[in-house]
Structure formats: C-alpha cells, structure tokens
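One structure is given below, encoded as structure tokens.
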Amino acid sequence: MIRRTHAGFTLIELMIVVAIIGILAAVAIPAYQDYTVRARVTEALSLGADYKIRVTENAGNGSAFDQGIASFTATPNVSAVAVGVNGAITVTTTTRAGGGSLIMTPRDGGTSTVDLAVGTPPTNQIVWYCNAAGASKGGAVSGTLLAKYAPAECR
C-alpha cells in the first residue's frame with residue numbers, strides 16, 4: 001500500500017478563501033470610505049467650536065455676533081465658516097469632506113427656540129444646536145451635509 005500525503009491546498013479550497021476575502025472587501029471598503037469622510041468632518045466641528053466661544057462671548061456682552069472674528073482661511077476639508085445675524089454658525093465642507101454644511105445655532109435657554117438678538121444679552125444660558133441635512137433641533141435651520149457623514153449631535 002502506497003500512502004500519499006497531502007502536500008497543499010486544493011483549487012476549490014483556494015477559491016473559497018478568495019471568495020470570502022472578496023465578500024469582506026466588498027463590505028469593508030464602502031464603510032471605510034464613509035469613516036474617512038466623517039473623520040474629515042470633525043475638522044469642521046472643531047473650527048465651529050472656536051467660533052462658538054467668540055459668538056457666546058459677544059452675545060453676553062451685547063456686541064455684534066461676528067465682532068472680533070478674523071477672516072477664515074480655507075482648509076482642505078472646510079471651505080467656509082460664516083456667522084449669521086442671529087449668531088448661527090454655518091460651516092461648509094469641501095467635497096472631500098462630504099460637500100455640505102453644518103449649521104450651529106445658539107438659543108436663549110434649553111427649551112426655548114428664541115433667537116439671540118444683537119445688543120440684548122441672553123436671559124438664560126446659551127444652548128447650541130447643530131443640524132445637518134434633515135435635522136431641525138431647537139427649531140433651527142438644517143444644514144446640507146448628509147446625515148451619514150454628520151456627527152451624532154448634528155443628525
């Protein structure tokens with residue numbers, strides 16, 4: 001009797017392994033691409049946080065909301081940051097970072113939907129609402145950044 005030893009993998013075993021790797025790649029690549037866009041959007045939020053501090057300070061002093069804010073220089077992920085007349089901060093991302101806008105709106109008090117007014121300091125603590133596309137927390141305007149790219153606080 002001659003005994004043969006198994007000296008490798010059969011073709012079917014190799015094909016099964018390749019198929020499994022292909023299925024995993026088909027699921028993982030789109031998820032990773034969304035993850036990288038969401039990571040780039042965090043730059044927009046951190047830039048907005050800097051503006052929130054200045055707007056809150058100006059509101060407390062009764063000054064114009066955009067007073068003392070330097071002009072914005074575009075980055076690879078954020079094309080513009082603007083402060084509106086009611087203190088709302090609009091951060092516009094580039095196509096690399098989702099290509100939309102997040103709107104951060106200050107409100108006078110947690111349950112209030114009252115816009116802040118220039119020259120009138122808020123009577124309560126300022127509460128900020130962040131809205132991407134489809135969100136309207138605090139009665140504020142929605143941005144245009146797709147919710148799948150937005151942080152949880154802005155969805």
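In this text, all values refer to a predicted model and were calculated from it rather than measured experimentally.
Asn58 contributes a side-chain N or O that, together with a main-chain N or O of Gln67, makes up a donor-acceptor pair within less than 3.5 Å. Remark: the backbone N or O of Gly100 is paired with a side-chain donor or acceptor of Thr93 at under 3.5 angstrom.
In plain terms, the two heavy atoms of Ala59 and Ile126 that are nearest each other are CB-CD1, 3.8 Å. Of all the heavy atoms in Thr10 and Glu13, the pair that sits closest is N-OE1, 2.9 Å. Among all heavy-atom pairs drawn from Pro76 and Arg96, the shortest one is CB-NH1, 3.1 Å.
Between Met104 and Leu45, some side-chain heavy-atom pair lies under the 4.5 Å cut-off. Side chains of Trp128 and Val55 form a contact here, defined as non-hydrogen atoms less than 4.5 Å apart. Taking the side chain as every heavy atom from C-beta outward, Pro106 and Thr56 never approach each other to under 4.5 Å. Using a 4.5 Å heavy-atom cutoff, the side chains of Val81 and Ile89 are in contact. Proximity of Val91 to Tyr51: side-chain heavy atoms (C-beta onward) are nowhere separated by under 4.5 Å.
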Scan the side chains in residues 145-155 for donor-acceptor partners under 3.5 Å anywhere in the protein, sequence neighbours excluded, and list what turns up.
| residue | atom | partner | partner atom | Å |
| --- | --- | --- | --- | --- |
| Arg155 | NE | Ala147 | O | 3.1 |
| Arg155 | NE | Ala150 | O | 3.0 |
| Arg155 | NH2 | Ala150 | O | 3.0 |

Residues 14-25, side-chain donor-acceptor partners within the protein, below 3.5 Å, at least two apart:
none

- [ ] Test Asn131 against Val141 for side chain to side chain contact (heavy atoms under 4.5 Å, CB included), laying out the working first.
- [x] CA-CA 7 Å; Asn131 291 313; Val141 178; over 6 Å; no
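Separating the NZ atom in Lys137 from the OG1 atom in Thr105 is a distance of 10.5 Å, to the nearest 0.5 Å. How far CG of Asn77 is from CG of Leu47: 9.5 Å, rounded to the nearest 0.5 Å. Interatomic distance, CD1 of Ile69 versus CZ of Arg54, reported as 7.0 Å (0.5 Å rounding). Rounding to the nearest 0.5 Å gives a distance of 7.5 Å between OG of Ser79 and CZ of Phe72.
Ser101 and Thr92 share no side-chain donor-acceptor pair at under 3.5 Å.
Among residues two or more places apart in sequence or in another chain, the salt bridge (charged side-chain N to carboxylate O under 4.0 Å, His left out) test is passed with Arg40 by none.
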